[in-house]
Every structure is written in C-alpha cells, then in structure tokens.
Undergrad: 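Once you've had a glance at the structure underneath, I'll fire off some questions.
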Amino acid sequence: MVAVVVFVRRARARMALLRAARPAARTAEVGARARRELVQVLGQRKLFQKALPGVMHACIFWGFLVLFPTIVEAILAIVDDGRSLPVIGQAPWFLFLVDLFATLVAVGIAIAFYIRKIQRPDRFRGSHMEEADKILLAILGIVTTLLLWNATKIALGQTAHPSAEPVANALSNLFGTGQPTETLERVFVWAHVLIVLGFLAYLPKSKHLHIITAAPNVYFAKNGPSGHLEKLEIDLEGPEEDIRFGVATGKDLSKKQLLDLFSCTECGRCQEVCPAWNTGKPLSPKLLIMDIRDAVAGIDPAAGEVELQPLVPNAVTDEVVWDCVTCGACMQECPVDIEHVDTIVDLRRNLVMAESRFPTEAGTMLRGVEGPNENPWSQPASARTDWIGDIPVRVLAPGDEAPEYLFWVGCAGAFDDRAKKTTQSVARLLNAAGVDWAVLGGRERCTGDPARRMGHEYLFQMLAEQNVATFAEAGITKVVATCAHCFNTLANEYPDYGATLEVVHHTELLSHLLAERKLLTTPGTRGTVTYHDACYLGRHNGRYDAPRDVLGSTGLATEEMERARERSFCCGAGGARMWMEEDGDARINDTRFAEAAGTGADTLAVACPYCFVMLDDAAKAAGSDMRVADVATLLAEAITADGDRPAT
Amino acid sequence: MNVTVLAKFVPNPTGTPALGPDNLLIRDAGDGALDPGDEYGLELALQLIEAGGGEVTVVSMGPAEALAGVQRGLAMGAHRGLLVTDPGLRGADALVTARVLAAAIGRTTYDLVIAGVESTDGYTGTMPATIAELLGIASVTAVRKLDPNGDGFRAERQTESGYDVLTAPKPALITVTAGATDPRYPSLKGIMAAKSKPVDTVSAADLGVTDLSATQTVAAVVDAPAKAGGEIVTGDEGVARIADLLADAKVI
Amino acid sequence: MGATWVYAEVTPDGVHPSALELLTKARALGGEVEAVALGPGATGAASELGAHGAGIVYASDDQTFADQPGRTAAHTLHWLISQHTPSLILFPGTYEGRDVAGCLQALTGSTLMANATDVESSSRARTEIFGGTKIVEVDLAGREPRLVLVRPKSFPAEPSGGTAEVVAVDAVTPPGPTATVVERHAEAASGPKLEEANVVVAGGRGLGGPEPFAMLDDLAAAIGGAAVGASRAAVDAGWVPYAYQVGQTGKTVKPEVYIAAGISGALQHVVGMKGAKRIVAINKDADAPILKIADLGVVGDLFQIIPALTEEVRRRASS
C-alpha cells in the first residue's frame with residue numbers, strides 16, 4: 001500500500017510538470033504512430049542497432065511484458081495462499097513462457113553486467129552507474145524470487161505441470177516437501193512482491209521511469225523527417241505576452257520535451273556518435289538531456305518565472321549549446337526517440353532572439369542574411385548569375401512562364417567558387433538531358449536555413465514568407481536543389497509557410513534521368529570513389545541510394561567508409577557552424593576527411609556544398625592528393641569529355 | 001551620463017552605388033542600412049551608460065526611410081530617437097548638415113556626443129569637428145578608447161605612430177574608430193521594444209535652420225581613364241606593377 | 001583674387017610632406033601663395049616652405065597648438081583670415097587637417113570640400129568616386145575663403161627655390177572647453193589596427209609557415225601605415241594569432257589597398273576584404289579564385305615577389 005502511495009505521489013509531481021507544460025502538436029497521423037510503436041517498442045528495432053545491447057534489452061523488455069501477469073498472481077497469492085491466475089494460471093504454455101522469460105531476463109541481466117563491468121564502453125561516461133547497478137540487481141531479484149517461488153510451489157506439489165517449467169523444476173530439487181519449504185514459499189512470494197513494490201516506489205525518481213515514459217515518447221515522436229524543425233510562429237504585431245522566444249527556463253519546455261527528459265536511460269548511444277563529443281568538445285547529447293532533466297526535476301509548476309533559473313548557463317553552458325552541428329546522429333541512435341536537436345535549437349532561439357547571446361562571428365552571417373542582399377556572405381544579389389558564363393541558362397523574369405523544374409541554385413551554389421562548379425555541372429547535365437528548367441537568378445534569397453539552425457526563427461520566418469511568395473508568383477511547382485540544407489528546408493519546412501512544392505535533390509533527379517536514359521555515360525572505369533553521406537540529405541531525409549546509383553553509372557568503383565549512410569559522420573558545417581570558429585585540437589571536418597582518405601579511394605564524392613567546402617578545406621590542410629568533387633561533376637565528366645552532350 | 005549618438009542611414013554598403021540624373025547618389029529606400037561605422041559609436045554609448053547610468057539618444061538626418069537606421073539604434077538599446085527629415089535637405093552639403101545636426105543635438109540632453117570617424121558613403125570626416133565648434137564643446141577625433149574621468153573624459157586617440165591620451169571636459173564630442181568596440185546584434189526583444197520608444201521627427205525649419213543653400217554643386221561626372229581592372233601579369237613585371245598601383249593609390 | 005593659403009602640418013622633426021605637395025599645386029593656380037604653420041617646429045620649417053613657393057609663412061611655435069589640437073589652430077587661422085582675406089585654403093587630408101578645417105568651417109561659414117584629388121581654382125576642384133572609376137568635377141561657391149581638403153600624395157612636391165617672409169603669429173585661445181593632450185605614445189611595432197589601416201598585407205596557406213610572415217611585416221613597415229593580416233588557413237595552422245584573421249569569421253577590412261599573398265580567395269576570406277578599394281593578389285596558381293576579383297593579379301612566386309616589392313617601395317620612398 002505504502003509503495004503505491006509513494007509511487008503515486010512521486011509520479012504526480014512528474015505528471016504535474018507534464019500537465020503544466022505547453023502542448024506539442026503530436027497527435028495526428030495515428031496510423032504512422034501506431035506502426036512506430038509496434039516496430040520500435042514491441043519490436044525493439046532501435047535497440048538492435050547495437051547487437052549485444054539489443055539482445056540484452058530485448059530479453060529484459062519482452063520478459064517484462066510476459067511476466068507482468070505474474071506480479072498480479074504473486075499479489076493474489078499473498079492474499080490467498082495457493083491462489084493462481086484464472087484461466088492461464090496453471091496452463092502449461094503459460095507456465096513455460098514464464099519459466100523461459102524469467103530465465104531470459106536473468107540472462108539479459110548477466111549480459112548487462114558483462115557490458116557494463118567487463119566491456120566498459122565509453123558511452124557510459126557521465127551516466128549514473130550505481131543507480132543502474134541497483135536497478136539491474138532489483139530486476140535480477142524480481143526474476144530470481146519468481147523462479148524460486150515457482151520452485152518451492154513445485155516442491156510443495158502446488159503446480160499441476162512441473163515439467164512445463166524446466167528451470168523452476170530443476171530448482172525445486174533444492175527444496176524438500178515439509179514445513180521449511182512452506183515458509184520459504186511464503187518468503188519468496190513476499191520478497192518478490194516487496195521488491196516489485198519497492199521498485200515501483202523508486203521508479204519515478206530514477207531513470208528507470210523510462211519503462212512508463214518510453215512508449216508514449218516513441219508514440220509522440222515526429223512522424224516526418226528529423227530535419228524538419230517545428231514552426232515557431234512569431235507575430236510581432238500580436239500581443240507581446242504571446243510571443244515565444246524558444247526555451248529559456250524549464251517552464252518553456254513542451255510536453256514532448258519533458259517526456260524526452262523523463263525517458264532518458266543514460267545509455268549513451270547518442271554520446272557515442274556525436275561529432276562534437278568525438279572531437280573533444282564538451283557537448284554530449286546524453287549529458288545535455290541529463291543536465292536539463294536534473295534542473296527541471298525540482299520545478300514546482302506553480303512557481304513564478306522569477307524563481308526559475310535560465311537553463312543556459314545554469315544547467316548547460318553556452319558552449320555546449322553552440323557546439324551542436326544538428327546532424328541528428330544522436331536522434332538516429334536513441335532507442336526512446338528523444339529529440340535532442342529540437343531542444344538545442346529551442347535553447348538557441350532564446351539565446352539569439354531574446355538575449356542576443358551567441359558567438360560573435362556568427363553575427364556576420366546573420367547581418368548578411370538579414371541585410372539588403374539576404375545571403376550569408378553579403379554578396380550583391382545581382383552576382384547570383386555570375387556562375388552562368390557561356391552555359392545556356394534560362395533566368396526567369398517576373399511574368400515569365402514557369403519551367404517544369406526550378407533549379408534552386410542556393411547561396412553557396414551561386415557565390416562559393418567550389419560550389420559553383422557543382423552548379424555548372426548540374427546546369428550542363430540538365431541541358432544535356434533536355435529538361436525544361438530555369439533559375440530565379442537575383443530573385444533567389446537565402447532559404448533561411450542557417451538563421452533557423454542558429455535559432456533566429458524570426459529571420460527565417462521572414463525569408464520563408466518572402467521566398468514562398470516568389471514561388472507562388474512565378475508559378476513554381478517542382479524544385480531541384482544541390483544543397484542538402486536548401487533541399488531539407490524547401491521540402492520539409494516551407495510547406496509550413498504555405499509552399500506547395502515537389503522538391504528533389506539533384507542526385508535524385510540525375511539518378512532518375514539516368515534510369516530514363518536521358519543521360520548516358522561513356523563506359524569504362526575511372527578509378528575509385530568514396531561517398532560521404534550529407535546529414536541533411538541522408539540521415540535527416542533518408543536519401544542514401546540515389547547518389548550511389550549516380551556514382552555507379554560513372555564507372556567509378558565505390559569504397560564505402562565504415563561510418564556510412566545513417567551512421568555517416570558529419571562534415572561539421574551544420575547547425576550554422578559553418579559560420580563559427582571551431583576550438584579544440586581535433587576538428588570535425590579533419591576527422592571525417594581522415595576517415596575518407598583511409599579508404600584509399602582517389603576521390604571523395606559529396607552531395608552538398610557545405611560538405612564540399614569543409615572536406616576540401618580538410619584535404620588541403622592535410623596536404624592530401626585526394627580529390628573532393630560533387631556527384632554531379634563526376635557524372636558530368638563521365639558523360640563526355642566536356643559533359644555537354646550525351647554519348648550515343 | 002547622457003549620450004547622443006549621430007547615426008547616418010547610408011545606401012547598401014555592399015551594393016553597387018549609382019548616380020541619379022541630378023548627379024546625386026541614389027539613396028534607394030529599400031536598400032539602405034545604418035552606417036556600420038556608427039554602430040561602433042552606438043555600442044560605446046551603450047557600454048558607457050550600462051556602466052554609469054544615463055540614457056542614449058540617436059540623432060539622424062535623412063529621408064523618411066532613415067527612420068530604419070534610428071530604429072536599429074533603438075533596437076540595440078538606445079532610449080529615444082530624433083530624426084530630421086526635410087525635402088529641402090536633399091543633397092545638403094557638409095555645412096548645412098552640420099548646422100542641422102548641431103541644432104538637433106542641441107535639442108537633446110547630453111554629456112557626450114559620439115559620431116563615427118567618417119561615413120561609409122561620404123567619408124569627408126570633417127563634420128564632427130564642425131558640429132563641435134557650432135555647439136561650443138570640446139572635441140576629440142579618432143578615439144579608440146574612452147573612459148569617464150572625473151568631471152570629463154579620458155580618451156585614447158589613434159595617431160599615425162601610435163596613440164595620444166587626451167582629457168576633455170564635459171560636454172564633449174568624440175568620433176570613434178572602426179574596431180574600437182564590437183557592436184552588439186539587436187535581439188528580437190530589442191527590435192520589438194524599439195517600436196514603443198519615442199522618436200521625434202522634425203524639419204529644418206523646426207530647428208531654426210533656414211539657409212539651406214548649397215555651396216557645392218556637381219558640375220560633371222566623367223569616367224576616369226580606364227584603369228585595366230582585373231589584369232593579370234606574371235612575376236617579373238609584377239613587382240613594378242604593384243609598386244605603381246601603390247603609388248597610384250597614394251599610399252606610398 | 002585673394003591669396004591661396006596652404007595649411008602646413010609641422011612637428012619639431014620637420015614639415016609634413018603634404019605641405020610641400022600642396023604648395024606645389026598652389027603655385028600652379030596663380031596668385032599669391034602663402035603658408036600657415038602652427039605649432040612647435042613652425043619657424044624652423046619656414047625656409048623649406050619658402051623653397052616650395054610660400055611667399056609668406058605665418059608661423060607660431062607655441063606649444064599650445066600641439067597640446068590643444070584642432071580648435072586652437074582653427075581659431076588662430078580664423079583671426080588670420082580676418083586680417084588677410086585669402087580666397088582659398090588647402091588642407092592635407094590627415095586627421096589634423098580634417099579637425100582644423102572642420103572646426104574652421106563652423107567659424108567662417110564657407111564651403112569645405114573633402115577628398116579632393118585635384119584643384120583648378122578657388123571655385124573648381126575634383127574628386128573620385130566608385131573606387132576611382134569616376135571623376136567628379138565640383139563647383140565651389142559662397143563666401144571666401146573656400147576650404148579644400150586634399151588627399152595626401154595627390155601631387156608631387158617640387159621646389160621653386162624661393163624664400164619666405166616669416167610673420168610671427170600669436171595663438172588665439174578658443175573660447176569654451178577644449179581637449180588637452182596629456183600623454184603621447186609611439187607604438188612603432190604594432191602600427192595601425194587591421195580595421196583602420198590604409199593598406200593591409202595578408203598571407204595565406206601559400207606562405208607555408210609562420211616565419212615568412214616576417215617578410216610581410218617588412219613590406220608593411222616599408223609601405224607605412226600598413227597592417228598585416230591572414231587568411232583562416234594560416235590562423236588555423238597556428239602560424240599567426242586569430243587577431244590577424246580577415247574573413248567571414250574574422251575581421252572585415254576596407255583599406256585603400258589589400259595585398260593578398262598566397263591566399264586562394266575562398267568566399268569566406270573574400271567576404272572580409274572585398275570592400276578594399278584596390279585588391280592585389282600574388283599567387284603561384286593561375287586558377288586561384290582570388291585572381292578573378294583582384295584589380296591586379298600577379299602569378300608568380302611570392303617568396304621572390306614580396307622581398308623585391310619591399311625593396312622597390314623603399315627605393316621609391318627614398319628617391
């Protein structure tokens with residue numbers, strides 16, 4: 001009884017926090033959510049992303065599901081000695097399952113201890129190891145007492161089908177038939193129930209709360225691509241109290257964000273893959289979630305604003321917030337679907353919009369994007385067509401007929417010398433394939449992605465509205481983009497501002513044109529290539545195959561890096577970090593380039609101008625001969641010598 | 001301490017400037033911004049009052065669109081603005097501008113007036129000294145560091161060989177060099193707050209400046225003899241060509 | 001027409017070269033040419049001023065001109081104007097020249113034109129705009145004397161071999177509060193700050209290490225009024241401190257001349273220096289992007305070119 005009361009009281013505190021938090025619109029598309037529950041929770045899919053830990057957890061989790069009725073049975077048996085569950089209580093198949101899964105749980109615990117005590121992976125650095133040990137031991141205690149209780153029941157002849165419970169049956173040989181065993185039977189059933197109840201009371205205060213919060217957290221996770229940040233509408237004309245600037249204190253967190261905090265098991269899978277953490281920076285997604293959780297734990301929802309400490313710098317430092325490249329590797333690994341990046345961006349939103357507290361050098365980018373030229377490099381808008389040269393390109397003037405495809409060149413593609421080569425290659429390829437396409441030229445404006453990832457949501461909003469109006473006025477329906485960030489923003493985020501566009505990445509379009517034989521490559525092998533998956537094309541949007549198909553058709557032999565596809569290691573430019581200085585001894589781009597060079601391939605293929613610049617810089621810094629080039633350029637070289645006409 | 005800061009609204013500093021038919025610079029409404037050089041002064045003013053109390057007033061003269069420059073200053077943290085806008089002031093020369101600005105500054109409460117060393121579009125660099133004389137106050141130009149000093153100021157003035165330290169009594173006018181401070185980026189909260197800060201709009205007549213006659217007029221604009229822009233030479237003649245360019249730019 | 005006056009900047013070490021340049025131009029305008037020299041070293045400079053064409057030198061060695069710069073000179077000049085009524089006064093476009101001329105304008109109410117590159121008469125002068133691609137002819141009107149600030153080194157200084165009559169002048173104490181110099185510091189080593197420098201000499205990856213930056217220091221010293229900068233590659237490699245970095249995440253500079261040595265010209269760097277009035281690029285790679293935006297690109301070995309350039313600059317300065 002006491003335990004239940006304690007549990008309820010503690011859980012209520014958590015529930016109060018959740019109730020007080022602002023809502024998150026996460027209830028639509030029930031079908032997708034239900035499917036995810038099935039696959040990730042029941043099927044433990046994300047847990048199996050790591051083999052042995054996956055097995056360990058599946059044993060324990062499935063065991064928990066199966067053994068749940070036995071807890072009820074144990075409580076019944078305390079009240080009414082000899083009582084078992086109706087219908088299934090004595091059924092052989094049930095007894096067998098119980099016996100099997102209780103054993104599997106014990107095996108799982110053994111594996112868990114093996115991992116934690118023998119293997120000692122670094123991902124646990126910073127996690128509460130003693131708390132975990134206690135929980136594991138408690139679970140072991142639960143199944144051990146269960147098996148022993150079943151054993152004593154068999155010894156006392158209270159079970160109809162002892163052979164259905166092989167392990168309990170074997171254990172029953174330890175016990176005689178007399179009084180001591182009767183007492184032991186009572187002891188074990190009481191111990192079993194007490195451990196369970198003690199555990200229940202302990203639950204809300206520990207990270208094991210995840211057994212209650214994880215399933216809903218997975219249900220309420222984003223249905224769409226992880227690269228899609230949720231809209232934060234800012235209406236400067238509206239009442240000032242209604243304007244939200246992101247997350248300043250624990251009270252600003254949404255229900256989903258709170259549920260994230262309560263679901264974290266400190267497993268460290270996110271920490272293990274974080275590019276910042278892996279290059280010696282203080283940011284660990286796990287520690288970030290833990291630190292915010294600890295700050296939030298003591299909040300009384302009725303407390304006024306003035307009593308709440310700002311999360312930055314009290315729970316997490318400014319540096320940690322700015323170290324993030326928003327690559328999403330953390331979210332990819334997290335078995336309970338915590339959305340670290342969204343929370344980090346929300347913290348940034350407050351830092352930028354309310355407090356103007358951010359790395360000074362990024363201000364140059366913000367001024368460029370907000371200034372009259374509306375691009376991060378403050379280049380004149382008229383220079384957006386400088387890349388064209390002699391290439392036949394249709395530049396849309398207001399009132400012109402819309403093309404089938406609008407080629408969204410992007411700021412990097414227009415102004416950066418390296419990215420311009422990609423733009424030119426794509427233009428030549430589109431012409432060679434006879435595609436009906438055009439560019440907006442000087443009417444293009446930054447999509448606003450860098451401002452948004454930095455937290456300047458208002459600036460992003462202004463640009464989005466402006467660009468959406470341009471698209472509508474020009475009658476654009478299909479867009480092809482070479483920049484993975486433009487692609488993500490146009491495809492996933494612009495619809496929130498009214499855009500109705502079909503957006504493809506240039507590698508997808510090129511792959512399609514090759515499949516339709518509108519582009520033909522000249523045969524022959526051209527050396528080796530390794531492909532770097534851009535985070536905003538790959539992990540955030542699931543596009544891995546099209547660039548590889550295109551490379552395959554060029555006659556280049558592919559050597560994959562170990563960290564490829566959804567496990568790709570960021571180039572380091574995301575999260576607006578392209579415009580920030582990187583401290584520390586190891587750089588993210590150098591680290592990734594070393595991995596690429598390690599494959600021994602001649603060429604490193606990229607599909608995003610940010611990756612191009614970062615990895616090319618890294619190549620130069622390393623004094624390497626490895627060529628860095630966009631997939632489109634490599635394809636153009638395989639078409640003909642000058643890439644203008646398809647080979648016949 | 002109260003500080004009045006002069007802020008100029010200039011055409012897009014990174015755009016391509018053009019002349020209109022009257023040979024005056026086209027100041028395109030949509031394409032202007034607060035002169036980056038003035039932001040250093042605004043930042044210094046804000047730092048001074050944050051340390052010692054007081055308020056910052058932004059004063060600007062320009063077309064109606066120049067209000068955006070004033071608002072930028074307010075968004076950074078200034079308390080009020082004063083905009084002088086008058087069709088008769090279009091194309092005003094340095095003397096008329098100085099008289100107008102001096103009259104406008106006279107309407108504010110100040111212990112210190114701050115201006116940039118020179119504006120991005122005009123770069124005459126003489127007006128602050130004229131204004132100080134019209135106001136009858138001390139002036140120090142090319143200041144890279146300023147501290148309150150008793151009942152006045154202590155300023156470090158950039159010189160060609162290093163720096164001098166000057167003292168000046170209140171009230172004084174200073175011009176601030178580029179890089180003297182790191183101008184803050186206005187937060188969205190600041191931009192919102194700026195909307196409710198008071199801005200007075202006045203004409204030249206309101207300030208009592210009636211003689212707007214220009215003493216300089218552009219007689220003609222001709223193309224300079226074509227400098228081979230963007231030429232590339234190889235090493236051997238490179239040295240002489242670079243030296244020629246330096247001489248032509250009058251830096252050696 | 002009244003005389004043309006030249007405001008001569010003087011120090012105990014000698015006369016500022018701008019004074020001699022302006023006197024040479026003043027002679028070409030016809031009419032009387034006189035000079036005003038205020039501050040320690042004034043009477044000592046009189047013979048050189050006379051040798052360049054000044055018929056009279058109004059001089060005062062009073063220390064107060066140096067200790068209370070700007071206003072004292074302007075008020076003294078104003079009194080002199082009331083006595084002698086010149087038509088035109090030429091000032092050098094230096095910090096001091098601007099201060100004196102600016103202050104004087106408030107007193108005389110006459111027109112002041114800045115950044116002149118040539119002067120034809122007391123009613124016509126010339127300046128350049130749009131990075132030197134257009135020449136603007138300006139009519140000067142209104143009461144005399146007309147005031148013109150001339151960009152230094154606009155004219156050569158040529159002696160005429162005359163002598164000047166020296167007229168002693170008393171300093172006029174300006175009414176009201178004035179700023180006073182209390183300390184003077186010479187920072188020979190550091191020179192002007194990167195953002196303020198007239199000329200920036202910047203090195204990039206092509207320099208290959210920290211030692212070659214000494215070459216750039218030499219060139220900057222030879223040119224005078226120049227600062228040394230670097231691209232991000234050089235800073236990342238640890239060859240120079242972050243304070244040297246020019247670019248998107250470093251400093252933005254707008255000098256008269258930007259010399260980029262061994263810098264490829266990636267966009268991130270260009271953003272920080274494209275406001276320069278003239279860009280010189282030295283690179284051994286003929287395809288380096290920086291050559292596309294340079295006004296003068298030199299394809300060659302910077303290790304040969306920079307020292308040779310330093311020599312040439314020194315040679316021209318001494319001749």
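Chain letters run A, B, ... following the sequence lines, proteins first, then strands; residues in each count from 1. Values below: every heavy atom of this structure, side chains too, minus hydrogens, waters and symmetry copies. Because the structure is a prediction, the values reported are computed rather than measured.
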Undergrad: With a 4.5 angstrom heavy-atom cut-off, which part of A:M580 approaches chain C: side chain, backbone, both or neither?
TA: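 When you check distances to chain C, only backbone atoms of A:M580 fall under 4.5 Å.
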
Undergrad: May I ask you to decide if the ring planes of C:Y258 and C:H269 are parallel, tilted or perpendicular, using 30° and 60° as cut-offs?
TA: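 Geometry flag for C:H269 against C:Y258: tilted rings.
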
Undergrad: Are side-chain N/O atoms of A:T633 and A:S425 paired as donor and acceptor at under 3.5 Å?
TA: yes

Undergrad: I'd like to know which of C:Q268, C:R205, C:K292 tops the heavy-atom pair count under 4.5 Å against chain A.
TA: C:R205

Undergrad: Where does A:D417 contact chain C at under 4.5 Å (heavy atoms): side chain, backbone, both or neither?
TA: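 Side chain of A:D417 only, per the 4.5 Å heavy-atom cut-off to chain C.
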
Undergrad: Just checking, is any N or O donor in the side chain of A:R592 or A:H532 under 3.5 Å from an acceptor N or O on the other one?
TA: yes

Undergrad: Looking only at side chains, do A:Y536 and A:T326 share a donor and an acceptor under 3.5 Å apart?
TA: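 Side chains of A:Y536 and A:T326: pair found under 3.5 Å.
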
